[in-house]
Amino acid sequence: MADIPSFNRFNLTEIARSFPETAETMLLDTYLTNEVAASSRVFRVYRETPAHYHEGSDEYLYVLSGKGTFWMGDPSNGAEFAPGDLLFFKRRIVHALPSMLEGPVVFLAIDTPRRDPKDIIFVNPADGTPETFIRGKEQPSSRY
């Protein structure tokens, strides 16, 4: 990954539009920042994501586009999400996106501390691996 400058501005709408229509993995992401204390990414969801968790970081997900259902902790607290919603869960909290109602589903993610791309543990190991879950997309170019 290329060095990220000490400051930058990103056009999230433009980044969201740059994702391809299809992908082999469940998600594609691109890092905006990648510091030890925190990372920020934009990612597009291509299909429902089964129950999983991250061992090493808390996650903030801001919905840029799309609608679906999402649950955290337990399927019984599932609810719809839409643009403008912010979803938050701490590390080791099981979560899932069982349905996509309107696409494309794109999130701005803030991970604290930075989440290693391989930090994904599926509740049912047959549901996937880090390689089938997410693949990185080329980093967006700086506006400055």
Side-chain angles (χ1 to χ4, degrees), residues 1-2 4 7-143:
M1 183 160 107
I4 297 175
F7 63 91
N8 209 334
R9 293 182 185 168
F10 301 97
N11 183 321
L12 300 180
T13 302
E14 186 178 295
I15 294 166
R17 282 191 209 135
S18 74
F19 286 98
E21 288 299 311
T22 61
E24 292 181 15
T25 53
M26 293 177 211
L27 298 97
L28 286 179
D29 76 351
T30 187
Y31 276 81
L32 307 177
T33 63
N34 195 10
E35 305 295 324
V36 173
S39 57
S40 61
R41 304 173 286 124
V42 173
F43 69 86
R44 180 172 173 171
V45 182
Y46 289 90
R47 54 190 149 284
E48 292 79 9
T49 58
H52 65 280
Y53 62 95
H54 310 289
E55 187 64 38
S57 63
D58 301 341
E59 194 163 18
Y60 299 79
L61 299 178
Y62 181 76
V63 183
L64 295 172
S65 69
K67 294 180 180 179
T69 60
F70 198 91
W71 62 263
M72 298 166 274
D74 186 281
S76 68
N77 75 21
E80 287 189 17
F81 64 81
D85 289 346
L86 178 67
L87 310 171
F88 166 73
F89 43 93
K90 291 190 138 319
R91 64 195 82 192
R92 298 188 254 344
I93 296 295
V94 175
H95 54 281
L97 192 158
S99 64
M100 294 194 304
L101 306 173
E102 182 180 303
V105 173
V106 180
F107 291 98
L108 168 65
I110 310 293
D111 304 304
T112 59
R114 176 182 62 84
R115 186 172 72 77
D116 182 316
K118 295 198 180 297
D119 179 10
I120 171 117
I121 297 107
F122 287 96
V123 172
N124 176 0
D127 284 340
T129 66
E131 293 75 25
T132 63
F133 178 65
I134 197 164
R135 182 173 57 85
K137 186 179 159 305
E138 189 172 308
Q139 180 184 342
S141 58
S142 171
R143 291 183 56 190

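Residue numbers count from 1 along this sequence.
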Between S57 and K90, is there a side-chain heavy-atom distance shorter than 4.5 Å? no
Gap separating the OH atom of Y62 from the CG atom of L86, nearest 0.5 angstrom: 8.5 Å
State, yes or no, whether a side-chain contact exists between L61 and E59 at a heavy-atom distance under 4.5 Å. yes
Between side-chain atoms of residues 91-108 and protein atoms elsewhere (two or more places apart, or another chain), which donor-acceptor pairs fall under 3.5 Å?
{"unit_1": "R91", "atom_1": "NE", "unit_2": "D58", "atom_2": "OD1", "d": "3.3"}
{"unit_1": "R91", "atom_1": "NH1", "unit_2": "G56", "atom_2": "O", "d": "3.4"}
{"unit_1": "R92", "atom_1": "NE", "unit_2": "E55", "atom_2": "OE2", "d": "3.4"}
{"unit_1": "R92", "atom_1": "NH1", "unit_2": "E55", "atom_2": "O", "d": "3.2"}
{"unit_1": "H95", "atom_1": "ND1", "unit_2": "H52", "atom_2": "O", "d": "3.4"}
{"unit_1": "H95", "atom_1": "ND1", "unit_2": "I93", "atom_2": "O", "d": "2.9"}
{"unit_1": "H95", "atom_1": "NE2", "unit_2": "H52", "atom_2": "NE2", "d": "3.0"}
{"unit_1": "H95", "atom_1": "NE2", "unit_2": "H54", "atom_2": "NE2", "d": "3.3"}
{"unit_1": "S99", "atom_1": "OG", "unit_2": "T69", "atom_2": "OG1", "d": "2.6"}

For the backbone of A82 and the side chain of D85, can you confirm whether one donor and one acceptor N or O come within less than 3.5 Å of each other? yes
Tell me, do I15 and V42 make a side-chain contact under 4.5 Å, heavy atoms counted? yes
Heavy-atom closest pair (G128 atom, F122 atom, distance to 0.1 Å) is O-CD1, 3.1 Å
Closest approach of L28 and T25, non-hydrogen atoms and distance? CD2-OG1, 3.9 Å
Of the non-hydrogen atoms in P20 and Y46, which two are nearest, and what is the gap between them? O-OH, 2.7 Å
Check whether the side chains of T33 and S40 place a donor and an acceptor atom closer than 3.5 Å, and report yes or no. yes
Might you work through the side chain to side chain contact (heavy atoms under 4.5 Å, CB included) test for Y31 and F43, ending with a clear yes or no? CA-CA 9 Å; Y31 276 81; F43 69 86; over 6 Å; no
If only atom types and distance count, is the side chain of D111 paired as donor or acceptor with the main-chain N or O of P113 below 3.5 Å? no
Nearest 0.5 Å, please: how far is OG1 in T112 from CD in E35? 13.5 Å
Got more than 12 heavy atoms from elsewhere within 6.0 Å of CZ, R17? no
In Å, rounded to the nearest 0.5 Å, how long is the span from CH2 of W71 to CZ of F81? 14.5 Å
What is the minimum heavy-atom distance between P117 and I134, and which atoms define it? O-CG2, 4.2 Å
If every non-hydrogen atom of M26 is compared with every non-hydrogen atom of P50, which pair is closest and at what distance? SD-CD, 3.7 Å
For a quick test of reading the model, state the closest non-hydrogen atom pair linking S65 to P83 and the distance between them. CA-CG, 3.9 Å
Rounded at 0.5 Å granularity, tell me how far CG in D29 sits from CZ in R44. 13.5 Å
Hey, are the side chains of L27 and V45 touching, using non-hydrogen atoms and a 4.5 Å cut-off? yes
